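Quick note on labels: first sequence line is chain A, next is B, and so on, each numbered from 1. Here the structure is a predicted model, which means the values were calculated and not measured. In what follows, every heavy atom counts, from backbone to side chain, and hydrogens, waters and symmetry copies are set aside.
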2 protein chains.
Amino acid sequence: MGARVARGFGQYGGVARAVERVGERWALLIVRDLLAGARRYSDLKAGLPRIPTNILSDRLRELQDAGVVRRVPVVRGGYELTELGRALEPVVLALERWGWSTLGEPGDGEVLTADALAVSLRAAFQAEVAAAMPPTEYVLHVGETSVSALVAARTLDVMPIGSGAIPQPRARMAAAPVADVLELLVAPAAFRDLLTDASALRANALGDGPTVLVGGPALVDRFHRTFRIVTVGPAGEAAAGAGAGEASVA
Amino acid sequence: MGARVARGFGQYGGVARAVERVGERWALLIVRDLLAGARRYSDLKAGLPRIPTNILSDRLRELQDAGVVRRVPVVRGGYELTELGRALEPVVLALERWGWSTLGEPGDGEVLTADALAVSLRAAFQAEVAAAMPPTEYVLHVGETSVSALVAARTLDVMPIGSGAIPQPRARMAAAPVADVLELLVAPAAFRDLLTDASALRANALGDGPTVLVGGPALVDRFHRTFRIVTVGPAGEAAAGAGAGEASVA
DNA sequence: CGGGATCCCAAGCGATACTG
DNA sequence: CAGTATCGCTTGGGATCCCG
């Protein structure tokens, strides 16, 4: 039986405590998937194909002990985030943004799930830019998975397509009249370029580029401005200094 | 020999890749300390008293392989973050903020280092609030460690006091004429209350409350508005086994 | 003396099998 | 479907040892 007491770091501080609570292997990926809504044990396992079942079981218990996750009352094997768990959203989104800087081509047998895609879109979402645009629905087919992202004003609502997840009460912005719909078919690596690289827009004719199923170039451009992740130097070899006017520590 | 190939999660996504790179035990604490500036091997070990030396060695090599850390050319045993590593700052600060929600009393033999304290202050820093205040220096003695935080306009500069770290070229905001100085002596747990709890300000007369060495109540109030971390969930409650019934937002 | 490498043991992880 | 039990392998922890 797992779920041992988290080995401490001997440090009194936020980072140390946070890593003690959610730093175990697989834990943040479970949180990432639960961030998209309540999930059953089998949903989590399906979204994390490589997780051993005992580890999933251990992590869920540890996350419950940490007050991050709780069981959904009625649903058998249902789990959801507590308020404390939902407060991890900035952490997960920050990790998502950073991770894209080091994301190359999809590796051997790597999957891209709907919940991961939803987090990517939320991490890339530019609320201020979106505020100036008319309501738009973006239907994305990335690799095997499909999601629908509804943007209205400065809000984003991502919903997996064709998933058997626990029905969410999340009212999809009901009364928003969506006039503009963009539907894209794109390979995972090209999706990365789409989110991170400004020039990917122009490379539309390339073999791996996005295929527009519904909508026109103007909507592709709108997507590109609404969803963007700024990456930093690949090898990080660039010169130091030149930091923006942020807090600095000596 | 350590520094094995990071075991993958089989996922193509930012969070998964990020956790593969910096999710190993101790790695983010090393990044946290390097965020305060270049450090020598012995500095890192001193700031992380419980880290085994072989693990520190392994992590530093792995972080170099990941492009997060590089050696400082001249300094023997010196390490610093690359640009990619510095891009982890939002991740570390988000973790720091979240961690304070679950931070109770200092545990058995837990230390609070100057680098950790610096990150706490940067995570709590309210730039917009500070912009409206005159330049101020805050000297904090929390437990055994002391730092000086210089706030001018919307910038924060934290400097450890009495540390033998590698001299940083970062010019401390030179020409800022600091008229107001607040010097506080406070226990770690009371420091937590100071950052997270609005009422702690009033509990000044309590035994564990902050002791004002230099400055007046107005400056304490200014500190309290300049540095703040908003916590969620069961504040100050450590690892509640039975999750209290929290509101579920749908 | 600081910066690391080596060893050994315990604990965590992963794959599979099994049960309510 | 939702986990638990078991077992071998890999990692982390702590002490020691080595090298410049």
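Residue-to-nucleotide proximity on DNA chain D shows that, of A:F9 and A:R76, the 5′-proximal contact is made by A:R76.
A:T53 comes within 4.0 angstrom of a nucleotide base, judged by non-hydrogen atoms across all strands.
Contact check, B:S57 against C:dA5: a side-chain N or O comes under 4.0 Å of OP1 or OP2. At least one side-chain nitrogen or oxygen of B:S42 sits closer than 4.0 Å to the OP1 or OP2 atom of C:dG3. Distances shown here put a side-chain N or O of B:Y79 below 4.0 Å from the OP1 or OP2 atom of C:dG4. Side-chain N/O atoms of A:R71 include one lying less than 4.0 angstrom from OP1 or OP2 on D:dG3. When the side-chain nitrogen and oxygen atoms of A:W26 are compared with OP1 and OP2 of C:dC13, none of them lie within a distance under 4.0 Å.
Atom C1' of nucleotide D:dT6 and atom CG of A:D58 are separated by 13 Å, given to the nearest angstrom. C:dG2 atom C1' lies 13 Å from atom CG of B:L44, rounded to whole Å. The interatomic distance linking B:L56 (CG) with C:dG4 (C1') rounds to 9 Å, in whole Å. When the P atom of C:dG14 is taken as reference, atom CZ of A:R50 falls 10 Å away, rounded to whole Å. The distance between atom CG of A:N54 and atom P of C:dA17, rounded to the nearest whole Å, is 14 Å. If you take CG of B:L60 and P of D:dG12, they are 14 Å apart, rounded to a whole angstrom. Remark: P of C:dA11 and CD1 of B:I55 are 16 Å apart, rounded to the nearest angstrom. As a whole-Å value, the separation of B:I51 CD1 from C:dA5 P is 14 Å.
Of the possible donor and acceptor atoms, none in the side chain of A:Y12 sits under 3.5 Å from a partner among the backbone N and O of B:A116. Panel note: side chain A:T82, backbone A:G67; a donor-acceptor pair is recorded below 3.5 Å. B:W98 places a side-chain N or O within 3.5 Å of a backbone atom of A:L84 that can act as its donor or acceptor partner.
The cationic group of A:R25 lies under 6.0 Å from the six-membered ring centre of B:F9 and within 45° of the ring axis, placing it in a cation-pi geometry.
A:R17 pairs in a salt bridge (Lys or Arg N to Asp or Glu O under 4.0 Å) with only one of the listed residues (B:E105, B:E96, B:E110), which is B:E110.
The nucleotide whose nearest atom lies closest to any side-chain atom of A:R59 is, among D:dG12, C:dG4, C:dC13, C:dC13.
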